[in-house]
Amino acid sequence: MVDREFRLKGLRFPNRIMNASGCWCTSANELIDLARSSSGAVVSKSCTVSARAGNPLPRYYHDDIMSINSTGLANNGCGFYCDMGSLLSKVGYDKPYIVSIAPLKDGDIEFLLHQVDATPTVDAIELNLSCPNITGKSQVGYDFEAVKRLLDGVFATRSKDAKPLGVKLPAYFDKSHFTAIADVLKCYDIAFITCINSLGYGLVLSDVLDPVIAPHQGVGGVGGKSILPFGLANVFHLHGLLPHIPIIGCGGITTKKDVLRYFKAGASMVQIGTELIKQGPSVFDAILE
Ligand code: RRO
């Protein structure tokens with residue numbers, strides 16, 4: 001039996017289910033929908049120093065077994081997501097607001113952290129180390145040295161009372177990768193791990209053999225029902241290696257039973273992505289019922 005609420009570094013989550021960053025959380029209206037929904041937290045779209053239009057449309061597709069996206073970090077800029085904190089508190093939500101940040105070049109991380117830390121209505125930070133859809137950029141989470149350099153910089157200047165900071169990881173597919181990322185993460189005061197992001201570099205072709213999304217010749221991040229086993233295994237391995245860090249499981253949840261599967265694998269909370277896009281914010285009611 002798992003308690004409905006969860007506490008993390010002084011934050012109270014009224015329940016353990018929230019949106020995955022990128023899903024129903026880019027515009028003000030979407031974020032307000034989430035604040036009013038029965039989710040246990042609101043997570044923003046990953047944001048950059050300045051707003052980005054993202055990749056050409058169509059950039060998202062789903063069917064019964066999967067989704068694919070190449071959104072290209074379309075977002076309204078970090079300032080917008082920080083400002084949303086006060087608007088969300090006015091609509092009366094009583095749950096943490098987590099801003100997801102995505103540094104793209106040197107210097108971004110300092111700017112993003114400074115802006116988010118200076119915003120009292122933001123409760124926590126999810127540092128995205130795993131966007132698969134940026135032209136010319138690899139997923140940072142696959143370069144263990146780069147993750148170490150980034151986190152060395154982040155934690156060198158982080159005070160004890162700074163906002164809780166978690167990381168969003170890509171899926172790993174080999175035992176050596178789990179130990180490598182765990183060896184890096186254990187050196188810092190990581191508040192939570194969110195795993196997994198969409199599986200990078202998938203290709204979906206339609207019945208007439210055309211790519212279903214436009215950017216990058218149809219190649220993008222794969223989510224939805226099909227990726228559940230990878231999400232569960234990533235949670236399982238990382239929980240085994242880093243039992244003191246709460247894990248937010250993500251990937252392939254469509255039912256309440258899937259949520260219980262994540263808890264069994266070692267997750268403390270979960271995020272819903274594709275199924276939220278399919279059903280809208282009432283998905284939280286369906287799963288919590
Ligand atoms: O915006 C995206 O294309 C995107 C991001 Br930042 C991410 O973290 N994961 C994803 O599947 N798409």
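Just the heavy atoms: all of them, side chains too, but no hydrogens, waters or symmetry mates, feed the values below. Indexing begins at 1, ligand by ligand and atom by atom, following the structure's order.
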Practice task
Using distance alone, decide if ligand 1 has a nitrogen or oxygen within less than 3.5 Å of any nitrogen or oxygen in S130.
Solution key: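 For ligand 1, there is no N or O atom that lies under 3.5 Å from one belonging to S130.
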Exercise for the section: Return a yes/no value for S198: is any of its N or O atoms, backbone included, closer than 3.5 angstrom to an N or O of ligand 1? Expected result: yes
Practice task
Between K168 and ligand 1, find which residue part has any heavy-atom pair under 4.0 Å and reply side chain, backbone, both or neither.
Solution key: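 It is neither part, as no heavy atom is under 4.0 Å.
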Completion exercise
Any heavy atom of P132 under 4.0 Å from ligand 1? The part involved is side chain
Practice task
Apply the side chain to side chain contact (heavy atoms under 4.5 Å, CB included) test between V259 and each candidate in L288, T254, I287; give the one that qualifies.
Solution key: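 Single pass found, and it is I287.
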Handout entry: Expected output: side-chain Y81 to main-chain C47 donor-acceptor under 3.5 Å
Key = no
Problem - Main-chain N/O of Y142 paired to Y172 side chain as donor or acceptor, under 3.5 Å - result: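 Answer holds: no.
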Contacting atoms of ligand 1, where contact means under 4.0 angstrom from a heavy atom of [X]:
X    : answer
G72  : 1 (O), 2 (C), 3 (O)
N128 : 6 (Br), 7 (C), 8 (O)
L73  : 1 (O), 2 (C), 3 (O), 6 (Br)

Exercise for the section: Identify the protein heavy atom lying closest to atom 9 (N) of ligand 1, giving its residue, its atom name and the separation to 0.1 Å. Expected result: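 It is N197 OD1, 2.8 Å.
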Practice task
Write out the residue and atom name of the closest protein heavy atom to atom 5 (C) of ligand 1, then the distance separating them to 0.1 Å.
Solution key: C131 SG, 3.4 Å
Practice task
Determine, using heavy atoms of R59 and all atoms of ligand 1, whether some pair is separated by less than 4.0 Å.
Solution key: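 No, R59 has no heavy atoms under 4.0 Å from ligand 1.
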Fill in the blank from the handout: Of T71, N69, L129, the residue with the heavy atom nearest atom 12 (N) of ligand 1 is N69
Practice task
Could you give me the CA-CA distance, side-chain angles and deciding distance for D117 and R158, then say whether salt bridge (Lys or Arg N to Asp or Glu O under 4.0 Å) is met?
Solution key: CA-CA 10 Å; D117 277 329; R158 250 179 132 58; 2.8 Å; yes
Can you establish whether the number of heavy atoms outside [X] located under 6.0 Å from its atom [atom1] is more than 12?
X    : atom1 : result
D174 : CG    : yes
Y61  : OH    : yes
Y188 : OH    : yes

Problem - Parallel, tilted or perpendicular: rings of F144 and H177 (30°, 60°) - result: tilted
